[in-house]
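Here the structure comes first, spelled out in structure tokens, and everything after it is commentary.
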Amino acid sequence: MATASVAFKSREDHRKQLELEEARKAGLAPAELDEDGKEINPHIPQYMSSAPWYLNAERPSLKHQRKWKSDPNYTKDWYDRGAKVFQADKFRKGACTNCGAMTHDSKSCMERPRKVGAKWNSKKIAADEKVESFELDYDGKRDRWNGYDPSTYSRVIDFYEARDEARRKYQKEQQLKKLERRNSNCNDGGQDVSDDEEDEDLEVDEAKVDESKQMDFAKVEKRVRTTGGGSTGTVRNLRIREDTAKYLLNLDVNSAYYDPKTRSMREDPLPDSDPNEKFYVGDNQNRISGQAQEFKQLNIHAWEAYEKGQDIHMQAAPSQAELLHREFRIKKEKLKGHTKEVIMAKYGNAASEDKLPLELLLGQTERQVEYDRAGRVIKGQEKAVPKSKYEEDVFINNHTTVWGSWWKDNQWGYKCCKQMIRNSYCTGLAGIEAVEAAGSLMQSNMMCKDSVRDKSLPQEEKHLATWGSDVSDDLVLNKAALEEALRKEGERKREEKDERKRKYNVTWNDEVTAEDMEAYRMKKVHFDDPMKDFLH
């Protein structure tokens with residue numbers, strides 16, 4: 001697998017190479033060795049084992065996967081703090097005017113500014129510091145413990161040892177004071193104090209001290225960014241580390257699923273245990289309790305209202321959405337109560353505590369009704385007459401009869417006034433007389449019109465030739481009219497060729513004579529005629 005720079009191979013060599021790789025993976029052939037004589041895992045992919053072309057690797061190796069670039073100039077040394085290299089006796093040109101050292105100038109001098117500098121009195125010339133420069137690697141520049149002297153930790157140890165020694169000394173002094181006080185009380189005849197109580201008073205309750213320190217185990221000092229620049233706030237971690245993790249409540253693999261990415265367990269890990277003893281019942285409990293259901297209903301109402309065309313958005317205007325949802329619930333409750341009242345008023349309320357009237361409780365009848373097995377009435381009850389959906393015997397607009405009591409000429413009307421209009425006002429006998437007079441007048445007018453039509457003079461019929469009709473054999477044409485028709489047809493043809501000769505006011509006559517038809521046929525161009533190009 002880990003081969004050198006790829007060279008040209010024939011098909012047979014490539015096949016043998018693949019067979020060798022398969023044998024190495026199966027363990028039938030020994031593994032390939034690198035430059036150092038170490039075995040190369042045959043299961044390493046080729047894109048990892050093959051070296052880049054610019055390395056010019058001659059033998060298979062995994063050196064390109066290791067940190068093979070090493071710069072000998074990198075070091076892990078650190079500055080020799082406080083080291084001095086030379087102590088001068090007098091001031092030198094170019095040295096610090098304050099202390100006289102050559103390794104820095106007066107601006108970067110760390111000594112107290114002298115009243116008279118070393119440049120002017122040449123006294124107390126400071127020694128030159130040891131200046132070093134290191135070229136550190138990536139890790140060396142970021143190593144926070146680089147240059148740390150472990151021997152300095154002995155100061156910390158000495159500090160705590162001195163504190164413990166001072167505590168023991170203080171406890172011994174307090175014990176001696178207690179003993180002197182007890183002896184003085186015994187000599188004066190006072191009450192003795194038990195040894196146990198004295199020991200409790202003398203001993204320092206370290207357990208209580210530790211508990212007080214552990215009270216703030218979740219107290220985290222965090223830098224909180226504010227608009228005023230920044231302030232240090234206290235953030236407490238609400239997690240109690242003594243609680244059992246939710247994925248350890250039930251170790252059965254078939255129990256509630258725990259998602260490590262979201263740290264959620266939706267189902268109850270212990271569904272069969274006593275609910276009074278459980279402190280965790282699954283994350284779904286938070287979704288079906290408290291205000292989660294109300295928030296869900298609010299979202300659903302916002303979606304449905306938006307689909308129905310109402311301008312509402314839960315995220316853009318949450319206060320508006322909540323107000324509209326509240327109004328919707330109030331209207332819904334009112335409508336529900338009104339519907340309930342209407343139903344109870346119509347059918348009664350069987351669940352009410354009101355007693356029925358005595359006439360209904362003690363009502364009896366002698367009528368006997370027989371039913372069949374299907375519940376149909378056999379005898380004993382008369383059939384109910386079906387009622388129309390329209391109101392009966394209701395007279396409107398001063399009519400004395402109903403609509404539909406009169407029928408004439410395929411139309412309904414009122415019999416009282418013989419009117420055919422539904423919403424008309426009743427005119428009585430005067431209306432009937434007016435209708436008859438109008439009918440007789442119309443009939444006389446129609447008779448007069450027919451008599452005038454019969455007396456009109458007959459007109460001569462013109463037998464005009466129709467377009468596309470066949471010419472009869474006995475047709476006689478007028479030569480003068482034919483010449484005039486040919487002239488008009490020629491002018492029409494020229495107008496079709498040149499639109500500029502067409503007049504603005506065109507008179508049209510739809511009467512076509514036999515001469516006009518003959519002129520059209522004579523002027524018509526037959527495209528199948530071989531002599532058509534020589535015509536006209």
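Just so you know, residue 1 is the first one in the sequence shown, and it goes up from there. The figures that follow rest on heavy atoms only: side chains count, while hydrogens, waters and symmetry mates do not. Please read these numbers as outputs of a predicted model, since none were measured by experiment.
- Closest of all the heavy-atom pairs between R24 and E32 is NH1-OE1, 3.4 Å.
- Using cut-offs of 30° and 60° on the angle between ring planes, the pair F328 and H325 is parallel.
- No side-chain donor-acceptor contact under 3.5 Å links R167 to the backbone of R163.
- Among all heavy-atom pairs drawn from D259 and T262, the shortest one is OD2-OG1, 2.9 Å.
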task = Before giving the answer on side chain to side chain contact (heavy atoms under 4.5 Å, CB included), spell out for L249 and M265 the whole-Å C-alpha distance, their side-chain angles and the decisive distance to 0.1 Å.
result = CA-CA 11 Å; L249 295 176; M265 181 181 289; 5.9 Å; no
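- Here E19 pairs with R15 under the side chain to side chain donor-acceptor pair (under 3.5 Å) rule; sequence neighbours left out.
- With D105 contributing its side chain and S108 its backbone, the two residues share a donor-acceptor pair below 3.5 Å.
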inquiry  = Set out, in order, the CA-CA distance, both residues' side-chain angles and the distance that settles salt bridge (Lys or Arg N to Asp or Glu O under 4.0 Å) for K38 and D34, then state yes or no.
reply    = CA-CA 6 Å; K38 298 180 181 179; D34 59 359; over 6 Å; no
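- Counting non-hydrogen atoms of neighbouring residues, nucleotides and ligands closer than 6.0 angstrom, the CZ atom of R155 reaches no more than 12 such neighbours.
- Within 6.0 Å of CG on N183 lie more than 12 heavy atoms contributed by other residues, nucleotides or ligands.
- No hydrogens or angles considered: nothing links the side chains of D149 and T152 as a donor-acceptor pair under 3.5 Å.
- Taking a 6.0 Å sphere around CZ of F279, one finds it holds more than 12 heavy atoms contributed by other residues, nucleotides or ligands.
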request  = Report the C-alpha separation of Y247 and Y257 in whole Å, then their side-chain angles, then the decisive distance to 0.1 Å, and conclude whether the side chain to side chain contact (heavy atoms under 4.5 Å, CB included) test is met.
outcome  = CA-CA 8 Å; Y247 53 84; Y257 174 72; over 6 Å; no
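- Between L62 and S49, the closest side-chain pair of non-hydrogen atoms falls below 4.5 Å.
- Taking the side-chain contact (heavy atoms from CB on, under 4.5 Å) definition, one finds that D283 meets it with K246, S264, Y280, sequence neighbours left out.
- Among residues two or more places apart in sequence or in another chain, the side-chain contact (heavy atoms from CB on, under 4.5 Å) test is passed with S10 by E12, D13.
- A salt bridge does not link K336 to E333: none of the charged side-chain nitrogens sits closer than 4.0 Å to a carboxylate oxygen.
- The 12-atom threshold is not exceeded at NZ of K340, counting heavy atoms of other residues, nucleotides or ligands nearer than 6.0 Å.
- At least one donor-acceptor pair closer than 3.5 Å links the side chain of N98 to the backbone N or O of R114.
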request  = Please report the C-alpha distance between E35 and K63 in whole Å, then the side-chain angles of each, then the deciding distance to 0.1 Å, and finally whether the salt bridge (Lys or Arg N to Asp or Glu O under 4.0 Å) criterion is met.
outcome  = CA-CA 9 Å; E35 296 177 352; K63 185 179 180 180; 5.1 Å; no
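- For E111, the CD atom counts as densely surrounded, since its 6.0 Å shell holds more than 12 non-hydrogen atoms of other residues, nucleotides or ligands.
- With a 6.0 Å radius and a threshold of 12 heavy atoms from other residues, nucleotides or ligands, E173 has its CD atom above the threshold.
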request  = Test side chain to side chain contact (heavy atoms under 4.5 Å, CB included) on K346 and I343 and set out the steps.
outcome  = CA-CA 5 Å; K346 185 175 182 180; I343 294 174; 5.9 Å; no
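- A salt bridge links D268 to K278: at least one charged side-chain nitrogen sits closer than 4.0 Å to a carboxylate oxygen.
- V116 approaches N121 most closely through the heavy-atom pair O-ND2, 3.4 Å.
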inquiry  = Walk me through whether K119 and C96 qualify under side chain to side chain contact (heavy atoms under 4.5 Å, CB included).
reply    = CA-CA 8 Å; K119 178 180 180 181; C96 177; over 6 Å; no
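- Listed by first and then second residue, the side chain to side chain donor-acceptor pair (under 3.5 Å) pairs involving residues 292-307 amount to none (not counting sequence neighbours).
- Residue K332 holds its NZ atom at 10.5 Å from CZ of R329, rounded to the nearest 0.5 Å.
- Applying the ring pair (Phe, Tyr, Trp, His ring centres under 6.0 Å) definition to pairs two or more places apart or across chains, those involving residues 78-132 are Y79-F134.
- Within 6.0 Å of atom CG in D158, more than 12 heavy atoms from other residues, nucleotides or ligands are found, so the atom counts as buried in its surroundings.
- Of all heavy-atom pairs spanning E322 and L298, the tightest one is CA-CD1, 3.7 Å.
- Considering every non-hydrogen atom in both C99 and C109, the closest pair reads SG-SG, 3.7 Å.
- Within the 3.5 Å criterion, the main-chain N or O of A83 finds no donor-acceptor partner in the side chain of E129.
- Partners of V85 under the side-chain contact (heavy atoms from CB on, under 4.5 Å) rule, at least two apart in sequence or in another chain, are D128, K130.
- Listed here is the closest heavy atom pair of M314 and A302: CB-CB, 4.2 Å.
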